[in-house]
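Quick caveat, the model's predicted, so the values are computed rather than measured. Quick note: residue numbers are just sequence positions, from 1.
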Amino acid sequence: MSALETRPARAGTAVVTAEDVARGRRRRSQRRRAVVAVMAVLVVVLLATSLVVGQTTYPPGEVLRVLLGEEVPGASFTVGTLRLPRAVLAVLTGVAFGLGGVTFQTMLRNPLASPDVIGITSAASAAATFGIVTLSLGASQVSTFAIAGGLSVALLIYALSAGRSSATTRLVLVGIGVAAMLDSVTTYLLSEAAVWDQQAASRWLTGSLNGATWEQVRPLLVALALLGPLLLLLSRDLAATQLGDDTASALGVRVGRTRLLLLVAAVGLVAFATAAAGPIAFVAFLSGPIAARVVGPGGSPLVPAALVGALLVLVADLAGQHALGTRLPVGVVTGVLGAPYLVYLVVRTHRTGGSL
């Protein structure tokens, strides 16, 4: 019999036994699995809705026939060539931003330490815009420029903020400053570009799935296939970093190596997603906190945040296309959703005396 079970109860207090603790853990685990399953089903439903609904609505049976490779007049082009790459890209970008954002927020123990707040997506966007406007690069080369720019700036921000007290606060502040500078660089590049280059690069400022093709999908799919499993393998070490460097080291985590791998994987996903669809605002920022509130404590936040990211992009894209009376890029819709939450978070941390 455990000490919890044999400890005498004080008057007016309840005895918490080991069985009660185990029962609570089972309930949380069951709730977590159920919520994750529901979110996965919602992703599939919204993906299917994106294929069915549009200027022309096709019956689900015809959409299924197209997906199975049959030739359906009208539907084969509209669904197979136009809608399917767009819907798949929406899911993949949401998953990539969700994984990248929650990795940074968890590793740095700060909800503001999101790639789109601390300048990483701004770096990828500036690099991609430079590649398009100045060098006239193709899609695959632009992706390479975006990931190189994002990773370089991430390492710079990390180096400027590491090794001192309040390092996470310093990282957020340095990142915000770097993001402002890089946004200015992007604006300058666009102001000096030819009209056709401005049109090609404008989606890097807003985030858009318009004109999505399989050429945009493939590099991001490869990045997710390589870097997603790496993050999942490091999920326990990621959780340990929340306890502080000394505690994580005592638990056997090689903190420096783990942080470097997490940084490279998260920045890679965010940069590839930005290269594919532009910096879709606040998806990386919102996915982790929403997942934490929906799923509850315990367990790795990676899979729930990835599913929330996919849901955010799918819902925002559907709303931007069909629900607002005019067609809006997906980044505009997510920006409208995310900006109030950012203000709320800053106000709340200020009132409670917490650090950024």
Side-chain angles (χ1 to χ4, degrees), residues 40-97 128 131-132 136-144 146 196-225 228 269 272-280 283 306 309-334:
V41 170
L42 286 175
V43 168
V44 174
V45 170
L46 288 172
L47 177 63
T49 302
S50 299
L51 300 179
V52 170
V53 176
Q55 289 185 337
T56 302
T57 300
Y58 293 98
E62 289 189 6
V63 172
L64 181 60
R65 288 169 57 196
V66 172
L67 296 179
L68 292 176
E70 294 186 32
E71 185 67 28
V72 180
S76 291
F77 175 76
T78 304
V79 175
T81 304
L82 301 181
R83 295 182 187 175
L84 184 58
R86 183 187 187 115
V88 172
L89 187 61
V91 173
L92 295 181
T93 53
V95 169
F97 280 127
I132 293 172
S136 301
L137 299 180
S140 60
Q141 295 167 312
V142 167
S143 297
T144 303
W196 50 87
D197 287 332
Q198 288 179 348
Q199 294 175 348
S202 62
R203 68 188 180 90
W204 301 108
L205 297 177
T206 56
S208 176
L209 300 173
N210 294 336
T213 65
W214 292 116
E215 186 179 8
Q216 297 166 250
V217 171
R218 292 187 190 99
L220 180 55
L221 182 61
V222 172
L224 272 170
L269 288 176
F272 269 104
T274 303
I280 303 178
V283 175
L311 288 172
L312 284 174
V313 177
L314 285 168
V315 169
D317 189 44
L318 285 170
Q321 289 187 81
H322 310 299
L324 302 176
T326 183
R327 290 183 176 271
L328 294 174
V330 63
V332 173
V333 180
T334 58

A.B. asks: Minimum heavy-atom separation for Thr93 to Ala277, with atom names?
C.D. replies: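 Closest pair (atom of Thr93, atom of Ala277, distance): CG2-CB, 3.7 Å.
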A.B. asks: Please evaluate residues Val333 and Val315 with respect to the criterion side-chain contact (heavy atoms from CB on, under 4.5 Å), reporting the C-alpha separation (whole Å), side-chain torsions for both, the decisive distance (0.1 Å), and the verdict.
C.D. replies: CA-CA 9 Å; Val333 180; Val315 169; over 6 Å; no
A.B. asks: Within the side chain of Ser76, is there an N or O that forms a donor-acceptor pair under 3.5 Å with the backbone of Pro73?
C.D. replies: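 It does not hold such a pair.
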A.B. asks: Quick one: salt bridge (Lys or Arg N to Asp or Glu O under 4.0 Å) partners of Arg65, sequence neighbours excluded?
C.D. replies: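 Result, salt bridge (Lys or Arg N to Asp or Glu O under 4.0 Å) vs Arg65: Glu70.
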A.B. asks: Is there a side-chain contact (heavy atoms from CB on, under 4.5 Å) between Val88 and Trp214? Walk through the geometry before answering.
C.D. replies: CA-CA 9 Å; Val88 172; Trp214 292 116; 4.1 Å; yes
A.B. asks: Apply the test side-chain contact (heavy atoms from CB on, under 4.5 Å) to residues Val63 and Arg83: give CA-CA distance (whole Å), side-chain angles for both, the deciding distance (0.1 Å), then the verdict.
C.D. replies: CA-CA 10 Å; Val63 172; Arg83 295 182 187 175; 5.9 Å; no
A.B. asks: Between atom CG of Leu209 and atom CD1 of Ile280, what is the distance when rounded to the nearest 0.5 Å?
C.D. replies: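 Reported value, rounded in 0.5 Å steps: 5.0 Å.
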A.B. asks: Are Val313 and Thr334 side-chain neighbours, meaning at least one heavy-atom pair lies under 4.5 Å?
C.D. replies: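 Not in contact.
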A.B. asks: Quick check: closest heavy atoms across Leu89 and Ala212, and the distance to 0.1 Å?
C.D. replies: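 It is CD2-CB, 3.8 Å.
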A.B. asks: Scan the side chains in residues 44-55 for donor-acceptor partners under 3.5 Å anywhere in the protein, sequence neighbours excluded, and list what turns up.
C.D. replies:
from: Thr49; atom 1: OG1; to: Val45; atom 2: O; distance (Å): 2.8
from: Ser50; atom 1: OG; to: Leu46; atom 2: O; distance (Å): 3.0

A.B. asks: For Thr56 and Thr78: C-alpha separation, side-chain torsions, deciding distance, then whether side-chain contact (heavy atoms from CB on, under 4.5 Å) applies.
C.D. replies: CA-CA 9 Å; Thr56 302; Thr78 304; 5.6 Å; no
A.B. asks: Would you check if Val43 and Leu311 make a side-chain contact, meaning some heavy-atom pair closer than 4.5 Å?
C.D. replies: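 Yes - at least one pair of side-chain heavy atoms lies under 4.5 Å apart.
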